[in-house]
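Heads up, the thing below is written out as structure tokens.
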2 protein chains.
Amino acid sequence: MRAGNLRGMSEGAEQSPVRARGRRAARTSGDDREQAILATAERLLDEKSLGAISVDDLARGAGISRPTFYFYFPSKDAVLLTLLDRVVAEADEAMRTVFEAPAAGPREGWQRALAAYHDTFRSHRALTVAWAEARSTSAAVRSLWAEVFERWVQRCAAAIEAERARGAAPAGVPARNLAVALTSMNERVIYASLSGDGPALAESDVVPVLLQVWLTAVYGRAPE
Amino acid sequence: MRAGNLRGMSEGAEQSPVRARGRRAARTSGDDREQAILATAERLLDEKSLGAISVDDLARGAGISRPTFYFYFPSKDAVLLTLLDRVVAEADEAMRTVFEAPAAGPREGWQRALAAYHDTFRSHRALTVAWAEARSTSAAVRSLWAEVFERWVQRCAAAIEAERARGAAPAGVPARNLAVALTSMNERVIYASLSGDGPALAESDVVPVLLQVWLTAVYGRAPE
DNA sequence: GAACGAGTCAACGCCGTGTCGAGAAACGGA
DNA sequence: TCCGTTTCTCGACACGGCGTTGACTCGTTC
């Protein structure tokens, strides 16, 4: 009895589901179904919100019955989590790239980081919106988000501290607090521009505006 | 047949539910029930999330049966919306007060505005968290939020423009875009600190950090 | 060809929502 | 005082989503 990949219970590593133990992964029709479910989920998310998608929709879309769905995934959230793992990997990779590449100057560097953040989520609009939606209902989704957020905050806080250390940025509130506030801004502004609900910035305005706020917050000074 | 107050359908004004048409509001046991429902909702929200509260919980808490609940409110969301109307009124009042009172200086003024924003939502923690949660499931809730957000943005954008006009703040990205980004930051940072999920600022750090970002973003300059 | 595991699904139980229609309770007039 | 109207109440229902159970098929392996 395949337990599905266990997203949804116990957080943690759990990279690839140990799959293909047998020499040649004999008869993998099961994997096809699993992929079909994931593909269906991604397709349906382009059309409707996560809440409007039922397990039955996913099963039908993958050409199986509802109980069979549960053979592959323990819940709808687990499907989302599996999909999100890809996005998270991509986001982490983008972050690594950006923070390790040498920048021509501060403006260049922060600009690139913000653009990377924006691009990553913009290129997975539907998933990003579903992610935010599921945060209120699933602790696992919430904590996956918290991990990603935390990694960005740490990178940014470290970068701010480095700028302060070399005398390029003035001291002020703790670097970590600054990073938390600014990263929160990124998150909310980008989400609003992707989901299109309420007053939001046009996509082309997002990075310039965020950049201005980041630069002044990190390097600028208040009046008096 | 009382239609309940019609929160949940057709947005709009709809201040007080036209109640008490009869000379003396003869026999208002109905109002008592309605208040009981609202009070129950507020009490339960302190204990559990909106999603974990069923219509049955609200009905039982108010001492009535589930069908009777529907005599007073068309849905659970409508109860929340009614509760939120109070918070919105309070937030608008706080905003009006803050923006109309003369400030000793820029720092004073913005500090007061941020504190007002923070205080308003902090004093209704449970409702604020429920509000955010319901935004993903109810269009009415979403649009109520958008209205409040928009009013703050307009006030702040106007204030920024005034500062620019009198030469105190440099030109840069459009004032409205700046206001949208900064207000988004407020929203997200305050929500995170109230809901306590994921990495968040301590409540006492919220206003100082936000203030630093606002001041530098409005008045400061980027390097080069 | 028996035993096994992977895969499949009809049928079930549970819980939440919202509605319908039959009443009880209070009032306002004739 | 009775009678109609309005207000209010709820038992019973229909529906839909979730997750589980138990039996059944079908290849593979020994």
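Source: prediction; values computed, not measured. Chain naming here is simple, since letters A, B, ... match the order of the sequence lines and numbering starts at 1 in each. Note that these values count all heavy atoms, side chains included, but never hydrogens, waters or copies made by symmetry.
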> If you draw a 6.0 Å radius around CZ in R60(A), do more than 12 non-hydrogen atoms from other residues or ligands fall strictly inside?
Replying inline: no

>> If you apply the rule side chain to side chain donor-acceptor pair (under 3.5 Å), what do you find for D77(B) with S75(B), and how did you get there?
In response: CA-CA 5 Å; D77(B) 284 342; S75(B) 71; 4.9 Å; no

>> Measuring from the side chain of V55(A) (C-beta onward, heavy atoms only), which nucleotide among dC18(D), dT9(D), dC10(D) has the closest atom?
In response: dC18(D)

>> Run the side-chain contact (heavy atoms from CB on, under 4.5 Å) test on E187(A) and W152(A) for me, step by step, so that the C-alpha distance in whole Å, both residues' side-chain angles and the decisive distance to 0.1 Å come before the verdict.
In response: CA-CA 11 Å; E187(A) 174 192 323; W152(A) 276 91; over 6 Å; no

>> Heavy atoms from C-beta onward define the side chain here; which of dC20(C), dC9(C), dT17(C) lies closest to that of K76(B)?
In response: dT17(C)

>> Suppose we call a contact any N or O donor and acceptor under 3.5 Å apart; does that hold for the side chain of R66(A) and the base of dG19(D)?
In response: yes

> Within this structure, what is the CG-to-P distance between L50(A) and dC18(D), rounded to whole angstrom?
Replying inline: 10 Å

>> Given dC10(D), dG19(D), dT8(C), identify the nucleotide with an atom nearest to the side chain of S75(A).
In response: dG19(D)

>> Nearest whole Å is fine: how far is dA11(C) C1' from Y70(A) OH?
In response: 15 Å

>> What is the separation between atom CZ on R60(B) and atom P on dT17(C), rounded to the nearest whole Å?
In response: 12 Å

>> Measuring from atom OG1 of T128(B) to atom OH of Y191(B), what distance do you get when rounded to the nearest 0.5 angstrom?
In response: 10.0 Å

> How would you label the contact of T68(B) with the nucleic acid (heavy atoms, under 4.0 Å): base, sugar-phosphate, or nothing?
Replying inline: base

> What integer distance in Å separates E34(A):CD from dT8(C):C1'?
Replying inline: 16 Å

> Is E150(A) salt-bridged to R176(A), going by a charged N under 4.0 Å from an acidic O?
Replying inline: yes

> Quick one: which of dT9(D), dG17(D), dG11(D) gets closest to the side chain of S54(A)?
Replying inline: dG17(D)

> What's the CD1-C1' distance between I53(A) and dC18(D), to the nearest Å?
Replying inline: 16 Å

> How long is the line joining OH of Y72(B) and P of dT19(C), in whole Å?
Replying inline: 17 Å

> What is the distance from CG of D57(B) to P of dC15(C), rounded to the nearest Å?
Replying inline: 13 Å

> Counting side-chain heavy atoms from CB outward, which of dC8(D), dG7(C), dT21(D) is closest to F71(B)?
Replying inline: dC8(D)

> Just how far, in rounded Å, is P of dC9(C) from CG of D56(A)?
Replying inline: 12 Å

